[in-house]
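If you're wondering where the values come from, they're calculated on a predicted model, not measured in any experiment. A note on names: the letters A, B, ... follow the listed sequences, proteins ahead of strands, and every chain is numbered from 1.
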Protein chains: 2
Amino acid sequence: MRLSTKGRYGVLAMVELALQYGDGPVSIKEIAEKQNFSDSYMEQLFSTLKNAGLVKSLRGARGGYILARDPEEITVGEIIRALEGPIELAECIDGGGNMTCVKSPECVTRGLWKDISDSISNVIDNRSLQDLLGK
Amino acid sequence: MRLSTKGRYGVLAMVELALQYGDGPVSIKEIAEKQNFSDSYMEQLFSTLKNAGLVKSLRGARGGYILARDPEEITVGEIIRALEGPIELAECIDGGGNMTCVKSPECVTRGLWKDISDSISNVIDNRSLQDLLGK
DNA sequence: ATTAAATCCAGGTGGAATACTCGGAAATAA
DNA sequence: TTATTTCCGAGTATTCCACCTGGATTTAAT
């Protein structure tokens with residue numbers, strides 16, 4: 001059970017923006033070089049992060065990205081959810097599912113998946129970018 | 001972020017064995033029909049579960065599988081780990097990784113991934129098959 | 001003894017997802 | 001005007017998932 005590179009790269013990239021928060025925009029090229037990521041792939045992730053309202057962009061030469069809010073106001077949970085989608089271990093939890101789980105009410109594992117999801121959310125929604133830097 | 005069918009089907013299948021614990025072996029065919037799973041796929045999962053020591057098999061006609069231990073002695077964590085592998089959100093945690101994370105010591109996200117893994121483990125290692133049935 | 005029911009085992013397979021790449025268009029600072 | 005950057009849509013190689021196939025072996029029932 002592993003997070004995809006979207007989530008992992010994304011959090012690292014946002015940490016980079018947090019480190020330079022207040023110093024003007026940071027370019028994708030700079031972040032990609034520093035973290036040794038592919039910059040065309042980074043471009044995609046930042047497009048998603050921008051649509052999610054977590055970063056702002058400045059186009060043109062000497063442009064780049066800045067955090068949309070203070071580092072203590074952005075949680076890891078927001079970043080991960082933006083890039084990886086919602087934290088549902090199984091889809092039987094909220095009514096959107098169309099799998100075998102028609103017998104949702106009597107499903108003995110439903111509560112289990114929910115408890116796991118909740119415990120994950122509890123960690124990632126209570127940790128800000130500032131927390132990652134600070135501790 | 002979702003569990004694969006291995007983990008989901010596996011836990012459900014083990015619940016089925018727990019329900020009939022003490023009544024002799026249960027065949028794959030019976031479980032697959034009840035839960036509407038593919039039986040050839042189930043076969044694979046049970047092979048894994050057997051190698052992990054979670055079930056015992058009885059071959060031949062009227063054969064099938066039984067839990068290797070009492071339902072309260074088997075945790076969801078054992079089942080999920082057997083089928084899905086270890087719970088590591090990123091591989092930088094224990095020294096086995098060969099990814100970009102050469103800078104593991106100064107990596108600010110390492111602690112984060114570990115905290116998430118630990119919180120998942122805390123749920124799944126403390127819930128037995130009996131718990132799933134009982135509550 | 002024969003048959004039917006079951007596990008065992010090794011591999012194959014189609015489709016989806018992942019982790020990217022590519023080729024430009026548009027915006028902006030120098 | 002040029003270099004640098006974001007923006008955007010599409011393409012692509014590889015891997016993984018969720019199975020299937022075709023047997024061989026074991027055992028209970030007849």
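Distances shown here put a side-chain N or O of A:S38 below 4.0 Å from the OP1 or OP2 atom of C:dT21. Remark: B:T5 is not in phosphate contact with D:dC17, judged by side-chain N or O atoms under 4.0 Å from OP1 or OP2. For C:dT7, neither phosphate oxygen OP1 nor OP2 lies less than 4.0 angstrom from any side-chain nitrogen or oxygen of B:S47. For the OP1/OP2 pair of C:dC8 and a distance below 4.0 Å, the side-chain nitrogens and oxygens of B:K50 include at least one atom meeting the criterion. Note on B:Y9: a side-chain N or O is less than 4.0 Å away from OP1 or OP2 of D:dC19. Note on B:S57: every side-chain N or O is 4.0 Å or more away from OP1 and OP2 of C:dA6.
Here the P atom of nucleotide C:dA5 and the CD atom of B:E33 are 12 Å apart, to the nearest Å. In this structure, the CG atom of B:N36 is 14 Å from the C1' atom of D:dC19, given to the nearest Å. Rounded to whole Å, atom C1' of D:dT5 lies 13 Å from atom CD1 of A:I31. If you take OH of B:Y41 and C1' of C:dG14, they are 15 Å apart, rounded to a whole angstrom. One interatomic measurement links the two molecules: CD of A:Q44 to P of D:dT5, which rounds to 20 Å at whole-angstrom precision. Rounding to whole angstrom units, CG of residue A:L3 and P of C:dT18 are separated by 11 Å. Rounded to whole angstrom, the span from the CG atom of A:L83 across to the C1' atom of C:dA17 amounts to 16 Å. Following rounding to the nearest Å, B:F46 (CZ) and C:dC9 (C1') show an atom-to-atom distance of 17 Å.
Using a cut-off of 4.0 Å between Lys/Arg side-chain N and Asp/Glu carboxylate O, A:R110 and A:D115 are scored as not salt-bridged. Under the 4.0 Å criterion applied to side-chain N and carboxylate O atoms, B:E78 and B:R69 are assigned as salt-bridge partners.
Nearer the 5' end of DNA chain D, as judged by each residue's closest nucleotide, is the contact made by A:N51, out of B:S4 and A:N51. The 5' end of DNA chain C is approached more closely, in terms of each residue's nearest nucleotide, by A:D39 than by the other of A:R62 and A:D39.
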Exercise. Between A:Q130 and A:E73, is a side-chain hydrogen bond (donor to acceptor under 3.5 Å, both in side chains) present by the stated rule, with each step listed?
Worked result: CA-CA 8 Å; A:Q130 186 64 48; A:E73 300 294 328; over 6 Å; no
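Partners of B:I66 under the side-chain contact (heavy atoms from CB on, under 4.5 Å) rule, at least two apart in sequence or in another chain, are B:P25, B:K56.
B:S40 comes within 4.0 angstrom of a nucleotide base, judged by non-hydrogen atoms across all strands.
Taking 4.5 Å as the limit, every side-chain heavy atom of A:P86 sits out of range of all side-chain heavy atoms of B:R2.
When each of B:D131, B:L132, B:N126 is paired with B:S128, the side-chain contact (heavy atoms from CB on, under 4.5 Å) condition holds for B:D131 and for no other.
Contacts between residues 13-30 of chain A and DNA chain D, counted as heavy-atom distances below 4.0 Å, involve A:S27, A:I28.
Both A:V26 and A:Y21 belong to a common hydrophobic cluster when Ile, Leu, Val, Met, Phe, Trp and Tyr are linked at side-chain heavy-atom distances under 4.5 angstrom.
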Below 3.5 Å between N/O atoms, which protein atoms pair up with nucleotides 24-27 of chain C? Just atom names and distances, please.
unit_1 : atom_1 : unit_2 : atom_2 : d
C:dA26 : N3     : A:R59  : NH2    : 3.2

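Put simply, the side chain of A:E84 gets close to the backbone of A:G7: a donor and an acceptor are under 3.5 Å apart.
Classification of the B:Y9-B:Y41 ring pair by plane angle, with boundaries at 30° and 60°, yields perpendicular.
For A:L54 against A:A82, the heavy-atom pair with the smallest separation is CD1-CB, 4.2 Å.
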